[in-house]
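Data first, discussion second: the structure below is written as structure tokens.
As a basis for the values below, the full set of heavy atoms in this structure was taken, side chains included, without hydrogen atoms, waters or symmetry mates. Per chain, numbering begins at 1; letters A, B, ... match sequence-line order.
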Amino acid sequence: MDYTLLFVQTLNGLQLGLLLFLVASGLTLVFGILNFVNLAHGSIYMIGAFIGASLTLWLGNFLIAVVIALPIIGLVGYAIEKFVARRLYEKDHLDHVLGTFGLILVLDTLAHLIWGPEGISVPLPGWLDGQVELFAGVVVPTYRLLIITAGLSVAGGLVWLVNYTRLGMLIRAGASNRTMVSALGIDIQLLFALVFALGAMLAGLAGMLITPITEASIGMGGQIIITAFVVIIIGGIGSMKGAFIAAILVGMIDTLGRAYLADIFALVMSPSAAETSAPSVSSMLIYILMAAILAVRPQGLFPPKARP
Amino acid sequence: MKSMSRTSWITLAGMAALLILPPLFLWSGNEFYLQLATRLVILAIAAVSLNLVLGYGGLVSFGHAAYIGIGAYAVGIPAYHETYGGFDSIASYDGLFHVALAVGISALFALVTGAISLRTKGVYFIMITMAFGQMAYYLFFSINEYGGDDGLVIDVRSEVPGLNLDNPLQLYLLSYVALVAAMLIVRTIINSRFGMVIKGAKGNNDRLVGLGYNTYLYRLAAYVISGAMAGFAGALLGNFTTFISPEMMGWTRSGELMFMVILGGAATTFGPVLGAVIFILLEEILSSYTIFWQLPFGLILIGVVLFARGGLMGFLTTKWRKP
């Protein structure tokens, strides 16, 4: 067994998991507090990627572009909350799904109008473009380490924000009893808008971070949103801890499955059968995982406490 | 004698128009409109089947496009093997075999995924049905033998005794009859004791469980019936387009089906059909003006959700009624 390859693949899985967490955390935050299903979250991820890519090409510096793009995507999220999402909170989940489905069409077409049909790729600054030798014989791209570091920092920051700050306290209180929070004189509308903007920034950051690896493109939101939903279903919708654990789990299983499933299958079936069946099974692996977990725990791994 | 309600009149008038207009399009040299009507009627069958669980049962299935895809591949795969060899046990051009396969596999897929999904509630149910739909999507996406994401061309349409599906009018009339049958099946189910349980469980599931009904099994049965009917629609769609790809079972397709049901009016006999008509026509008209047609289309969809929640049938039947 090639342990170097296994290590690198594990690192790739961790990277994918952390990017998924950035998207899923916003999704689960918005659902946990606002009880709102936002299909258009993937489109925010896409718009974040486009804004980040444009600013990088304009300013010539990826990191500065990310720093400037983050508040912009936060404002985009704030606007979406104010003009569309807010009007849907009082309706049922079916309306959320349909309304944000319409929103996807609007946002994707706007991106098409502004940035054109072609994807935008972004060059990395020289010091991020290279590779690092972690230890003898194990070489990983520097940028992947940056994504992992950024993802872990954001996860840590969210834990701090939700558990140890006044805003986090209000967020937790709003999640369990929003009427009481607003009765205590908190501007619940503003709180909701802030949460929505925070979720948009998290998704936007994920979009910006992935752009140098792939590119900013119109269809990118539709791909990640489903996986992000799988993550929050597995983790328990509304649970931040669940989102983190499930995101890492899904990232690992997806990456390692694609890398090793053919080898594992070859142990129990003919090489040619393994070769043909492995790609289909590995692309379905996370859905099989989700089905298996939900069959045992219909509320996901970490169901949040019942809401009133 | 009790006079017919406004709902019945709208239903009859609408179905009569769907029977009479498309052949007139063909005879007046506008075959394009007959094609449009065929696609519309086939999608209406899927919307009617979705309405059984979504509208009457309150089960928001976000993965119904998967059944359309399964049904279409149930035509495409046997035809592919009949043409190019291999997999002799299913290689066939026989339309009855295709339909049996489409309905059978769809029912089986609905049974397995429904058994898991129906253990969950609310938003979990929405998301898990969507995820199962994506599972079917990625399955066909990754099978290279059947074209993967490039899709599969159906060289020969299903052979149905007494019919020639290469004739556009015959294909349309077959689809139309299937639509009427689907509407009647759903109507019969809904007016039966079985349907009462499905509707009752939507209103108050606990009460029905308290009355001794195993609503889980009732819902699973409705889910399987709905999936099988959508699979049949898929078999028709495969014969209509003669090209199938995983794209037809993506989650956005499922979202469109949901929109047809809500747009026309959930839990009504004609609503899903009306919704499909409006949806397809709107798409067709807007896209003839601009390539950015999804922008106004999306805004209209958001507007419908915000301001027109009973659907068109609700609007047509309540706004006009005298107090």
- Message: Could you check whether atom CZ of R207(B) has more than 12 heavy atoms from other residues, nucleotides or ligands sitting under 6.0 Å from it?
- Response: no
Can you tell if the side chain of L54(B) reaches within under 4.5 Å of the side chain of L94(A), non-hydrogen atoms only?
yes
Counting only heavy atoms not in Y78(A) (residues, nucleotides, ligands), do more than 12 fall under 6.0 Å from its OH? no
Q) Is any side-chain heavy atom of M127(B) closer than 4.5 Å to a side-chain heavy atom of V37(A)? A) yes
When the 4.5 angstrom heavy-atom criterion is applied to V230(A) and chain B, the contacting part is side chain
Interface check, chain A: of V60(B), T252(B), N144(B), L299(B), most non-hydrogen pairs under 4.5 Å belong to T252(B)
Applying a strict 4.5 Å limit to non-hydrogen atoms, the region of I225(A) in contact with chain B is side chain
Residue pair Y287(A) / T113(B), side-chain heavy-atom distance below 4.5 Å: no
Note to self: Determine whether V97(A) and M130(B) satisfy the following criterion, side chain to side chain contact (heavy atoms under 4.5 Å, CB included), listing intermediate values before the conclusion.
What the structure shows: CA-CA 11 Å; V97(A) 168; M130(B) 174 172 82; over 6 Å; no
So CZ of R297(A) and OG1 of T120(B): to nearest 0.5 Å the spacing works out to 14.5 Å
Per-residue tally against chain A (heavy atom, under 4.5 Å) across I143(B), I116(B), I128(B) peaks at I128(B)
- Message: With a 6.0 Å cut-off (strictly less than), is the heavy-atom count around NZ of K241(A), excluding the residue itself, greater than 12?
- Response: no
Honestly, the part of I104(A) sitting under 4.5 Å from a heavy atom of chain B is side chain
For F62(B) and L39(A), run side chain to side chain contact (heavy atoms under 4.5 Å, CB included): C-alpha distance rounded to whole Å, both residues' side-chain angles, the deciding distance at 0.1 Å, then the answer. CA-CA 12 Å; F62(B) 199 173; L39(A) 286 183; 3.7 Å; yes
Interatomic distance, CG@L98(A) vs CD1@I302(B), rounded to 0.5 Å, equals 11.0 Å
The interface call for E145(B) against chain A, heavy-atom contacts under 4.5 Å, is neither
Closest non-hydrogen atoms of K91(A) and L306(B), given as atom of the first, atom of the second and distance, are NZ-O, 3.4 Å
I'd like to check R119(B) versus L294(A) (side-chain heavy atoms, cut-off strictly below 4.5 Å). Are they in contact?
no
side-chain contact (heavy atoms from CB on, under 4.5 Å) with V123(B): of F31(A), F36(A), F229(A), only one passes, and it is F31(A)
Neighbour count above 12 (heavy atom, 6.0 Å) for F292(B) CZ:
yes
* Taking the side chain as every heavy atom from C-beta outward, state whether L301(B) and L105(A) have any atom pair closer than 4.5 Å. => yes
Scored by heavy-atom pairs under 4.5 Å with chain A, the best of A115(B), A131(B), G250(B) is A131(B)
Note to self: Classify the ring geometry of W251(B) against F101(A): parallel below 30°, tilted from 30° to 60°, perpendicular beyond 60°.
What the structure shows: perpendicular
Interatomic distance, OH@Y137(B) vs CE@M284(A), rounded to 0.5 Å, equals 14.5 Å
Nearest heavy-atom approach of V305(B) to L88(A) is CG1-CD2, 3.7 Å
Looking only at Y138(B), F140(B), Y124(B), F259(B), most heavy-atom pairs under 4.5 Å shared with chain A are made by Y124(B)
